[in-house]
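These notes are about the structure you will find just below.
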Amino acid sequence: MAYNKARDLSYYEYQRYPIASRIIEIILDFCVGEDFAVKLRIMKRDAKGETKDTERNDAQLVWDDFCEDPVNEFYEQLSGYVLDALVNGELSIPAFVNPANGSVRLGYFDPGNIKEVYLDPNNVKEVQRVEFSKPNSTDVESFTVIRPDTDFESKNYGKLGGQMFYFRLNRVRGAKRGYPELLNVVDWIDQLEQFIFDAVQGFAMRNAFAWDVEVTGATEEKLKTMEF
């Protein structure tokens, strides 16, 4: 199924049907819950090969500053990121680095605007870059996906480089796009909702009439027990 059609179906069912939204809600609660938090420790390996906690809080302070940034609001927005990934099957998050102090701010790209996904020809499990169509325009803009730099001659070898995070769900190894969590139950939900709708319509029709039942040949005792 074409990605845009799958995404539209998933979004429609999530908005319209309580069962679909409940499915997403259960998975969302399992992933992030209410008390999700990240705690960092800086470890050091001694001469004996044993790893010990340095009890330094440098990394935690950097992380907390990132999370508390008024644009990031990471913990407040995390459930929204996961929700988008489940409903859309993909999540595109650009990362903007401040050249002055190195601070990072996260944005959001609508996966519905993705024009093309380019895989690494040497390893189709990795995405090299993603092209987006600009809203209300025919222009296309390309962004490299954040991943480790494996170029031995690069000064950033071993470090992460790129412009955006790109996550895909429910796909086989070589697939370019991800697919929504609800896609494989779309038809089942439609049929169940139609069944409930038909049942309610039937009750409405039956309740529109007053029913009178006349019983002949039954005694008063049988009428009390409805055994006739």
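- The two residues N4 and G112 make their nearest non-hydrogen contact at OD1-O, 4.1 Å.
- Note on ring orientation: taking the six-membered ring where Trp is involved, the planes of F66 and W63 are tilted (angle from 30° to 60°).
- Here the side chains of I93 and L91 are in contact, with some heavy-atom distance below 4.5 Å.
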Let's go through R7 and D110 carefully: what are the C-alpha distance in whole Å and the side-chain angles of both, what is the deciding distance for salt bridge (Lys or Arg N to Asp or Glu O under 4.0 Å) to 0.1 Å, and is it a yes or a no?
CA-CA 11 Å; R7 177 176 176 268; D110 187 346; 2.7 Å; yes

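- Between E181 and I24, the closest side-chain pair of non-hydrogen atoms falls below 4.5 Å.
- Between R177 and I114, the closest side-chain pair of non-hydrogen atoms falls below 4.5 Å.
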Between L9 and L182, is the side-chain contact (heavy atoms from CB on, under 4.5 Å) condition met? List the steps.
CA-CA 9 Å; L9 282 173; L182 294 174; over 6 Å; no

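- A heavy-atom distance below 4.5 Å is found between the side chains of R147 and Q128.
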Might you work through the ring pair (Phe, Tyr, Trp, His ring centres under 6.0 Å) test for F109 and Y166, ending with a clear yes or no?
CA-CA 10 Å; F109 286 153; Y166 179 54; over 10 Å; no

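- Side-chain contact of D84 with Y108: a donor-acceptor pair under 3.5 Å is present, judged by distance alone.
- For the side chain to side chain donor-acceptor pair (under 3.5 Å) test with R105, the passing option among D69, N72, N98 is D69; the others fail.
- Considering only heavy atoms from C-beta on, E116 comes within 4.5 Å of K176 through its side chain.
- Side chains of Q60 and D64: a donor on one and an acceptor on the other come within 3.5 Å.
- Between K52 and D46, the closest side-chain pair of non-hydrogen atoms falls below 4.5 Å.
- The only member of Y3, Y179, Y14 that meets side chain to side chain contact (heavy atoms under 4.5 Å, CB included) when paired with N88 is Y3.
- Atom OG of residue S142 and atom NZ of residue K115 lie 13.5 Å apart, to the nearest 0.5 angstrom.
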